Asker: 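My questions all concern the structure below.
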Amino acid sequence: MFASIGDYGVVGDCRSAALVSKSGCIDWLCWPRFDSPSVFAALLDRERGGYWKLAPRGSSSINREYVKESNVLQTTFRTASGAVVLTDLMPVQDTTQSLMVPDHEIVRQLTCKSGEVEFETELVPRTHYGESKPQVWNRGKLGIRFDNDHGVYWLRSSMPTRIQDGSVFGTTTLKAGESIAFSLSYTENAPAVLPPLDEVPQRIETCIKWWQSWSAQARYEGEFRDEVLRSALALKLMIFAPSGAIIAAPTTSLPERIGGDLNWDYRYCWLRDASLTIRALIELGFWAEATGFLDWMLHATRLSQPELRILYTVYGNPAPKERESKVLRGYRESRPVRIGNAARDQLQLDVYGEVIDAAAQYAFHGGNLDREMQKALIGFGNYVAEHWNLPDEGIWEPRTGRRDHTHSRLLCWTALDRLVSLSEQGKIGRVPIEKYKKQAEAICRQIQDRAWNDKIQSYVSDLDGDQVDSSLLLLSWFGFEKADSVKMRSTYRRLRERLSTKDGLLYRSEQLPPEGTFAICSFWEAEYLALGGGSTQQTRDLIGTLTKYRNDVGLYGEEIDGETGQALGNFPQAFTHVGYIGAALSLEQREKGEQQLAHRAESATSEGPNPKQAA
Amino acid sequence: MNWESWIVSGFLATLGLTTVAVGSQGLHLTRMNVPYLLGTIMTPKRERAHLYGFLAHLVNGWAFSFFYIYIFEVRHIANWWFGLLIGVAHTLVVLTVVMALLPTVHPRMATERKGPTARRQLEPPGFMALNYGYRTPLSIFVAHMVFGAILGSLYHLR
């Protein structure tokens, strides 16, 4: 039986991530990195995907939480005979120590808090998206091992286990005060490091301290601090530390509609998310992550510059071609399970504006754009100046052909506007200002003339169209039209009328097939209200409402079911958490009367980057 | 013994062996990372272990080439196939004797009898280094045959 998508917690080491269900089952894990083939994929097929369960026998009540300001997950099981706490984590590699530790590892520790609890473990490895059933070997005191094509997995535990039909099983009873530890590691190097189990408690403490030390950098002190910090921690889990790239989500093919085919692979890095992400990182004080992400964007994309692809792997390579799994049957029969993403071949002109706006925010906050970065940005600007009038697939990536999207035009205007601002502020040299100004004015006129529909008194999704979508809220975010203007207020009313649920959530579009409400759109709405489209109380109320849709450990998926409130789509979703942070920041800035959205010249600050420790 | 020729051919043969060893790992024929294996004898620190191990590997290569050249001089034969033949013999010793002894002499390698401890955490190679991938013996054979063949073809007898 499938758990609800929102039943999952996530642990990670900034290289890969595992999804742990409320019942103590790891149902998703890809090693060595986010987009590697899976070893556990029961999330997408209970029988064929593979999993690792560690839970009391029989029924129990379950309560779980992250250890304060960390990504160490603790699940408490209370049975009729006692209570046990399961601690799950993936130790973060502290680059300052670099001692002998496994390359990739999940540590699980069970501690009996009261009474006596019988529990069981089942480790069912099915590598390469369930396509392979590896042979499992008991190597005595070294542990249990199994291989895939490239590497070796080692399971270590002091618990007696037996191997049967390519899986590992064990049952034991813990009394109050007793603990038992497990370590599952993976490496493509030999010799592998086999960590001694008696060091597990100390390693858990070290990991908790590492996360808490990272969290302590966060500067936000507003009323949603705990929620914002949880979102920052979730976002950090999706930053691939070796390159600085940020993936959209650690999963593939969790459906946007249960039983439907809106199932996509999100384990890649979308440039679209750049601007809001950089803003969230910088304004929370995570300069190391912001700098790493910007560096990655401007250097990893070099092979395709001045053109930009829509998405990249964590090392800046093109995402793999999309294929459908022949083995995995999908979450609750939601087929197909896709590996790779066909959006890689789309034209989406908005990404240029996203990348340039991200760089502008970085520079206006005091970051330095070196000569190579400046050259890349001007290359993007020239491309936009010549191609902004083309139809494209646009922000929602429909596979139905190209159109003239208002959002794409907005971001093309943003690209040129920010480059002019950067040049006027002396942050970037050799910008053909007059050319950019002329093209920016032309885009501006086109949006005002053809993206405004007098009949419905609203900006519209496509030029000369009559439908709306939630990305129109970003007209204010990117500084094209003030949030309190007559046109934006009217557009907002139309959006509410056409896209809102009775509980106030927003669908992204009128045109797309039925699916859940799109969580980020509701946060755009909160930002719009905070920017002047509404009152601070309206903003606070909306953020408060949206907070209720997080799961029990504070995580959001991509979408929220408009009727049940359940999470839908890939999980957890970086962009949704970025949205939460952004909305809370804008609210706080408005309440304090501070300048909002420092991505245009007039709102530049003099604050500079403050290098911080990164994983 | 031709010392100059030994230094040059020993260095080039070691480079050849290293290229095959690293290439085998890159092509996923084996997981064995020789510099890391050697470097962890000296330090538990990962980055330093790679560097120290690489340097130790170069010195080892030179040292072992001395024995090859000694045989060349004694038999007064130095050509690629004779070097390759010595490489095969060398590999058999490495796979059967050295790999079996490694957990005993490597200060950070666990043994199958005791399991990992705080100091000894590295996975032992097992019979013929098969723990490091079932094609590991093949890659070790090829690397040493390349080593011997280069040495045999480049070394000039006195």
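Values below: all heavy atoms of this structure, side chains included; hydrogens, waters and symmetry mates excluded. A note on names: the letters A, B, ... follow the listed sequences, proteins ahead of strands, and every chain is numbered from 1. These numbers come from a predicted model, not from an experiment.
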Asker: If I measure from the heavy atoms of chain B, does A:Asp103 come under 4.5 Å with its side chain, its backbone, both, or neither?
Answerer: both
Asker: Under the rule for salt bridge (charged side-chain N to carboxylate O under 4.0 Å, His left out), what residues qualify as partners of B:Arg120, not counting sequence neighbours?
Answerer: none
Asker: Quick one: what part of A:Asp147 sits under 4.5 Å from any heavy atom of chain B, side chain, backbone, both or neither?
Answerer: side chain
Asker: Can you tell me if A:Trp214 and A:Glu289 form a side-chain donor-acceptor pair at under 3.5 Å?
Answerer: yes
Asker: Can A:Arg15 be said to sit on top of A:Trp31's aromatic six-ring, NZ or CZ under 6.0 Å from centre and within 45° of the ring axis?
Answerer: no
Asker: Heavy-atom distance under 4.5 Å to chain A: side chain of B:Glu112, backbone, both or neither?
Answerer: both
Asker: Which atoms of A:Glu199 come close to chain B, meaning under 4.5 Å heavy atom to heavy atom: side chain ones, backbone ones, both, or neither?
Answerer: side chain
Asker: Could you list the residues that satisfy salt bridge (charged side-chain N to carboxylate O under 4.0 Å, His left out) with B:Arg113, not counting sequence neighbours?
Answerer: none
Asker: Given a strict heavy-atom distance threshold of 4.5 Å, which part of A:Trp137 is in contact with chain B: side chain, backbone, both, or neither?
Answerer: neither
Asker: Can you tell which part of B:Thr40 gets under 4.5 Å to a heavy atom of chain A, answering side chain, backbone, both or neither?
Answerer: side chain
Asker: Would you tell me whether B:Ser65 and B:Trp6 have side-chain atoms, one donor and one acceptor, within less than 3.5 Å of each other?
Answerer: yes
